[in-house]
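Step one of this worksheet: look at the structure below.
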Amino acid sequence: MLVLNEILKNKDAVVKALAKKHFKADDIVEKIIELDKDRRETKSRLDEVLAESNKIAKEIGALYKAGKKDEADAMKVKTAQLKETGKELNDKFDLLQEQITKCIVELPNTPCELVPEGKNAEDNLIVHREGDFPQLPANALPHWELAKKYNLIDFELGNKVTGAGFPFYRGYGARLQRALITYFLNSAINRGFIEYQPPLVVNEASGFGTGQLPDKEGQMYHCTVDNFYLIPTAEVPITNIYRDVILKQEDLPIKNVAYSSCFRREAGSYGKDVRGLNRLHEFDKVEIVEISTQEDSYKILDEMVEHVASLVRGLGLPFRIVRLCGGDISFTSALTYDFEVYSAAQEKWLEVSSVSNFESFQANRLKLRYKNSEGKTVLAHTLNGSALALPRIVAAILENYQTEDGIRIPEVLQHFMGCDFISESNKI
RNA sequence: GGAGAAAUGGCAGAGUGGUCGAUUGCGGCAGUCUUGAAAACUGUUGUACCGUCAGGUACCGGGGGUUCGAAUCCCUCUUUCUCCGCCA
């Protein structure tokens with residue numbers, strides 16, 4: 001959520017910035033200003049009443065000590081009215097506070113200047129493109145056919161045991177997953193990230209902390225008996241480590257990496273986009289999360305983008321980096337780069353990573369702060385990115401690396417796979 | 001799952017109804033001393049909100065209550081520890 005004082009101070013700038021996200025903010029901002037004025041007045045009056053009550057209480061105490069019981073009892077009468085007005089003002093203050101928060105929570109994060117104008121994905125800015133499209137054999141197949149042919153992934157079995165969108169990986173398919181996870185984690189560790197293995201289930205407070213709740217409640221699997229949620233990304237537990245935490249400036253930047261399964265209900269998405277591995281309810285992902293000072297966050301965003309690029313490059317997949325436009329960028333993000341790999345048999349660009357700087361938007365909600373060099377406690381900046389999401393990478397590898405009689409394995413994975421080629425003759 | 005104990009400032013740890021925002025120690029910061037450092041000594045040291053200032057208000061795990069007045073009493077929730085049971 002945005003910071004109240006910033007909204008009050010720079011209301012025109014906030015309204016203008018949010019217009020880029022096609023969000024009409026002026027009504028809400030006006031309402032916030034009005035509510036806040038009322039809140040300040042109420043607070044002043046409440047404080048006066050409390051001060052008066054405290055004063056009387058002290059006098060009564062003094063009288064009791066002096067043994068003047070009658071005078072003390074007489075004074076008690078005075079407090080009844082004060083107590084009542086105090087309670088009224090207090091209730092009013094709480095209500096106003098609540099209403100203000102409710103308004104602020106409706107406001108998306110302000111996009112940074114680099115975010116291009118635009119309505120939808122077509123207006124995103126391609127900032128980088130790398131790698132050549134592969135020459136596929138004449139009998140090239142989409143990955144779901146290849147997965148079946150070489151016994152790598154069993155979608156039907158997933159349907160039987162759980163439901164659509166929960167595939168089984170087996171044999172070399174399972175090994176490929178494990179190889180990718182290891183490759184991604186090792187690469188991050190080599191860049192100084194600390195590896196975490198988080199819980200896959202979080203409580204309600206954590207869901208609020210990273211903003212999944214209350215808006216995206218329907219997108220998460222909910223264990224109602226214990227009021228737990230299955231995580232849609234490791235971002236949720238990893239970022240919530242720092243909920244209500246005050247860090248030291250010398251702790252920053254914090255660089256965490258976590259592999260986790262991710263669970264998404266994906267309510268409402270059907271059709272050809274969900275074919276095969278393109279969209280699943282449960283999938284694996286390695287996520288990087290960084291916490292930085294306010295000054296360094298954009299430098300760190302660039303570093304994260306470079307790290308993700310090195311992963312895709314290492315796998316030899318053609319990819320492009322797009323800077324999301326105002327209409328396509330998420331509610332919480334100030335600047336986002338998406339990575340798309342080209343999946344040659346489907347002839348489609350598949351989104352495999354999304355790297356974002358949230359500036360202080362998440363930190364404000366999390367109450368994640370640090371003491372800066374002047375000793376002042378200020379909000380930290382948070383960033384995260386997929387590095388990387390597995391299923392679409394697997395899809396692209398299967399499709400792009402297929403030959404007439406098998407699937408080659410990218411060199412960086414061969415050691416973890418224990419083979420360099422999957423074929424009819426060696427399939428498991 | 002059952003029984004009991006506890007939760008206080010950066011940390012340790014007092015405080016069981018009124019000058020307690022909280023004794024004290026450690027740590028931190030500033031100073032004295034010293035060529036420098038250490039030690040010793042002296043002072044200082046939480047956060048948020050309201051107010052132009054003076055100042056005021058709130059905060060002793062969270063929430064509610066009793067009282068003129070709550071860190072202190074009551075209820076409730078959470079967490080931690082000890083014991084018992086169960087178990088990978």
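The chains referred to below are lettered A, B, ... by the order of the sequence lines, with proteins before strands, and numbering in each begins at 1. What's counted below: heavy atoms across the whole structure, side chains too, no hydrogens, waters or symmetry copies.
Non-hydrogen atoms lying under 4.0 Å from RNA chain B are contributed by nothing in residues 237-256 of chain A. Residues from residues 360-367 of chain A with heavy atoms under 4.0 angstrom of RNA chain B: there are none.
Contacts of A:Asp36 classified as side-chain hydrogen bond (donor to acceptor under 3.5 Å, both in side chains), with partners at least two apart in sequence or in another chain: A:Arg39, A:Arg40. With sequence neighbours left out, A:Ser53 forms a side-chain hydrogen bond (donor to acceptor under 3.5 Å, both in side chains) with no residue at all.
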Run the side-chain donor-acceptor check on residues 156-168 of chain A: report pairs under 3.5 Å with partners two or more places apart or on a different chain.
from     : atom 1 : to       : atom 2 : distance (Å)
A:Asn159 : OD1    : A:Ala164 : N      : 3.3

What pairs of donor and acceptor atoms, side-chain ones from residues 18-28 of chain A against any protein atom, are under 3.5 angstrom apart with sequence neighbours left out?
from    : atom 1 : to       : atom 2 : distance (Å)
A:Lys20 : NZ     : A:Glu113 : O      : 3.3
A:Lys20 : NZ     : A:Val115 : O      : 2.6
A:Lys21 : NZ     : A:Asn109 : O      : 2.9
A:Lys21 : NZ     : A:Ser330 : O      : 2.9
A:Lys21 : NZ     : A:Phe331 : O      : 3.1
A:Lys21 : NZ     : A:Ser333 : O      : 2.8
A:His22 : NE2    : A:Gly118 : O      : 2.6
A:Lys24 : NZ     : A:Asp26  : OD1    : 3.1

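The list of ring-ring contact (aromatic ring centres under 6.0 Å, His included) pairs with a residue in residues 208-228 of chain A, not counting sequence neighbours, reads A:His222-A:Tyr229. Counting only residues at least two apart or in different chains, side chain to side chain donor-acceptor pair (under 3.5 Å) contacts with residues 172-185 of chain A comprise A:Gln177-A:Asp284. Applying the side chain to side chain donor-acceptor pair (under 3.5 Å) test to every pair with at least one member in residues 190-213 of chain A, sequence neighbours left out, gives these pairs: A:Arg191-A:His307, A:Asn203-A:Ser206, A:Glu204-A:Asn227, A:Ser206-A:Arg243, A:Thr210-A:Gln212, A:Thr210-A:Asn240.
B:U8 and B:U23: their C1' atoms are spaced 13 Å apart (whole Å). The separation of B:A71 from B:C59, taken at their C1' atoms, amounts to 11 Å, rounded to a whole angstrom. Remark: the separation of the P atoms in B:C41 and B:C26 is 9 Å, to the nearest Å. B:C73 and B:G18 have their P atoms separated by 12 Å, given to the nearest Å. B:G25 and B:A14 are spaced 11 Å apart, taking the C1' atom of each and rounding to whole Å.
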Under 3.5 Å for both distances, Watson-Crick or G-U wobble, that's the pair rule; now give the dot-bracket for RNA chain B, with | marking pairs to another strand and [ ] for crossing ones.
((((((((.[[[..)..(.....]]]((((((.......))))))(((((....))))).[[[[[..)....]]]]])))))))....
Hey, mind stepping through A:Glu306 and A:Arg313 against salt bridge (Lys or Arg N to Asp or Glu O under 4.0 Å) and telling me if it holds?
CA-CA 10 Å; A:Glu306 183 40 47; A:Arg313 192 177 295 132; 3.5 Å; yes
For nucleotides 50-53 of chain B, tabulate all protein N/O to nucleotide N/O atom pairs closer than 3.5 Å, reporting atom names and distance.
from  : atom 1 : to      : atom 2 : distance (Å)
B:C50 : OP1    : A:Arg39 : NH2    : 3.2
B:C50 : O2'    : A:Ser44 : OG     : 2.3
B:G51 : OP2    : A:Arg40 : NH1    : 3.1

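A straight line from CG of A:Asn90 to P of B:C49 spans 17 Å, rounded to a whole angstrom. Counting to the nearest Å, the P atom of B:U78 and the CD atom of A:Glu204 are 14 Å from each other.
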Annotated protein contacts, base or backbone, on nucleotides 59-73 of chain B with a non-hydrogen cut-off under 4.0 Å, one of B, S, - each:
---------BS----
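Nearer to the 5' terminus of RNA chain B, by closest-nucleotide assignment, is the contact made by A:Ala62 (compared with the other of A:Ala62 and A:Ala51).
Side-chain atoms of A:Glu106 do not come within 3.5 Å of backbone N or O of A:Cys103 as any donor-acceptor pair.
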